[in-house]
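In what follows, chains carry the letters A, B, and so on, assigned in the order in which the sequence lines appear, proteins first and then strands, with residues in each chain numbered from 1. Fair warning: this is a prediction, and the values are worked out from it, not measured in the lab.
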Amino acid sequence: MKRQFKLLFLVMILGASFVSNGWAGSKKSADKVRIGVEGAYPPFSEVGKDGKMKGFDIDISYALCKEMGAECTLVKQDWDGIIPALLAKKYDAIIASMSITEKRKKKVAFTIKYYITPAKFVRKKGSGIEITKAGMKGKSVGVQSATIHDNYITGVYGKDVTIKRYGKQDEAYLDMKAGRIDLLLADSIALDDGFLKKPGGDAYEFVGPDLTEKKYFGEGAGIAIRKEDTELAGRFNKAIKAIRANGTYDKIQKKYFKFDIYGK
Amino acid sequence: MSFSIIFDNWKLFLEGFVVTIQLVPLALFFGFFMALPLSVMRASSNPFLKWPTYSFTYFFRGTPLLVQVYLFYYGLAQFSIVKETILWSFFKDAYKVGLLSFSLNTAAYTTEIFRGAIERLPLGQIEAAKACGMGPLTRLRRIILPIALRKSIPSYGNEVIFMLHGSSICSLITIIDITGAARIVNSRYYGPVEAFFTAGVIYLCLTFCIVGIFKQLEKKFLSHIRR
Amino acid sequence: MFNFLHGYGPSLLEGAFITVTLSVVSLLIATILGLITATMKLSKVRSLEIIGGIYTTVIRGIPDLVMMLLIFFGGQVLVNRVVQELGYDGYIDINPFIAGSMTIGLIYGAYLAETFRGAFLAVPVGQAEAAKACGMDSWTIFSRIMFPQMTRHALPSFGNNWLVLVKSTALVSVIGLEDVVRMSDLAGGSTHKPFNFWVACALIYLAITSVSNFIQSRLEDRYNVGHREEGR
């Protein structure tokens, strides 16, 4: 009995010292901002050969932080947990090409948009699939889970097609190349740069119209913030306007795109 | 915290539940029947039988199930020999690829469990069978396997639970099982605690069922050697 | 080789390093939790036994992946709430490495508790009694008599749990930690050559497993001195 208590005591001390080292408490301060990013959504965000993050969203994040005079850390998070992790305070803002939609606004607040591009379908050349309910009947469509594209295909074609939902956009590309799915639905820029222009992408093509229906596709990509952090949202809004005005935005944009993705 | 998002999506969870309780028994079934010959080969002293099976179990027991699933699902689709032949009708389907990787994985673990039991068989039993004039196949069928399988029941029970838990990985390759349902609910309604708590409770109940079944099996087949 | 990995070799190795450190830190946490729980279960104090029992049963009944997602998201919400209740204006930042190692530690603590409990019970009571009769105090009894013998009984199962633990760190890639699995996943996605990276990833795990097996068998040999036949 005595021996066991001694053991318990020893173990508790060990445990306590370990735990107290492990939990790094950090006080919230105004000039430290943690930003949630994704990392599997080229050309907006991807991981380079050196293991570092790169892409339009990443450059924009750093530019906005510089503008705000804030010290930023990027936190990587898979898409399907990206809003829950914001709400759980794992970071303070999401800069991950997230579209501003009514449904998301119920949970989080958004800044003004920082770009807007239409969504589009991609098919294999020669497959002849048309973007109509009849033409798509029985076909399988790959989308990233919990995106505007997921909502659109579920809402509009949900009864006609088989929907395959992926955790990462890259995984949907791999399965399109493998031939497990007949159509891809995603952002047109992401599809163009991340899929069609990659080696082997020339066997595929865009099909159907540019999709911009506000009910599903929202008002463009914005930065998501927790609803109570109104001050931070204000700072981001100011910074977006500032980098638009001082040419930083254009400089970043030219690195990735030949045309203006900010929209009207 | 509101569990209404779970009740609103009970159909999704039910679908996921059905997938899990189909996939796991099927994988266990195939794994079990692969493991029977493999374990005999693995326990044999013939190097041509022993080493190939050893490499097989070493690979599948030495790497994470997650990596195996990704390797089979995304990895193999890179090759035209898989993509452009009859093989594709199999590899096209995420469910079948999941089933294949789970079956091979559980076959590897089960093989080692059975092999252990075969090697621990008292020599006297086999000698007695020989003395009765049984041939090698008869010995295997009537003495070695029955005794080894009975002795494997407790560790095989653990393997069944591991397979149930491992099956949650198929949610990462577009299959909607219990975990997949929880992930969809989380990403759509942003209720991680509710979603994964519910999934956890379902798995816990299934685990208890498996433990109960194996307790009964032990009672039935192992009571004669219980101390 | 470098062409095979399209220049992603170094970042894969960095991932492997994270996998190994995460595994070691998790094992440390699991060992501590396992010892505490084993002590509780052996304590003959009814309430402690029950708590220990609930912990080991619940943890071992839920898949690692679900547990990890639950703790990663739910744990943070809980911590935030506690911090707020205490009137601390801010948050406690749990990075993925700490969240991951805590979760894996918590899971494998439950498995190791059974290992330690079994090992403790496997040492004959007479040994401790004899030591006491020789005038040893309880710490000396533990460190000189019980611990070395427990180690011998615990090693095989401890080693097994270590191997399972290493493999289950693969799941932390899902919560965003840059381990070898996540690096392989990202590299495979970027290059559209997933096979190459999953093979490389599997080989890295096989290497870790093989080194572990080697160390384990050396340790077992050492602690089995004087018990050759029995230990085998």
Interface residues of residues 166-194 of chain A facing chain C - non-hydrogen atoms under 4.5 Å apart: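 Checking residues 166-194 of chain A against chain C gives A:K168, A:D170, A:E171, A:Y173, A:L174, A:K177, A:G194.
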Part of residues 39-48 of chain A lying next to chain C, heavy-atom separation under 4.5 Å: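 Residues A:G39, A:A40, A:E46, A:V47, A:G48 are the ones that qualify, each having a heavy atom under 4.5 Å from chain C.
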From CG (A:D78) to CG (C:D185), nearest 0.5 Å: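 It is 8.0 Å, given to the nearest 0.5 Å.
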Nearest-0.5 Å distance that lies between atom NZ in A:K198 and atom OG in C:S190: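 Taking NZ in A:K198 and OG in C:S190, the distance rounds to 5.0 Å.
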Residue pair A:K90 / C:F72: nearest heavy atoms and the distance that separates them: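 Shortest heavy-atom contact: CE-O, 3.1 Å.
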Smallest separation among heavy atoms of C:H6 and A:K49, with atom names: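 The answer is O-CE, 3.0 Å.
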Answer yes or no: are there more than 12 heavy-atom neighbours, outside [X] itself, under 6.0 Å from its atom [atom1]?
{"X": "C:F97", "atom1": "CZ", "answer": "yes"}
{"X": "A:K124", "atom1": "NZ", "answer": "no"}
{"X": "A:K52", "atom1": "NZ", "answer": "no"}
{"X": "A:Y256", "atom1": "OH", "answer": "yes"}

Max heavy-atom pair count under 4.5 Å with chain A, selected residue of C:M183, C:R182, C:E14: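 Winner by heavy-atom pair count: C:R182.
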Under 3.5 Å, side-chain donor or acceptor atoms of residues 122-135 of chain C against the rest of the protein: list the pairs with distances, not counting sequence neighbours.
| residue | atom | partner | partner atom | Å |
| --- | --- | --- | --- | --- |
| C:Q127 | OE1 | C:Q149 | NE2 | 2.9 |

Under 4.5 Å from a heavy atom of chain A, the part of C:S101 involved: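 Contact with chain A: none, neither part.
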Contacts of C:K167 that satisfy side chain to side chain donor-acceptor pair (under 3.5 Å) - sequence neighbours left out: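 Applying side chain to side chain donor-acceptor pair (under 3.5 Å) to C:K167 gives B:Y109.
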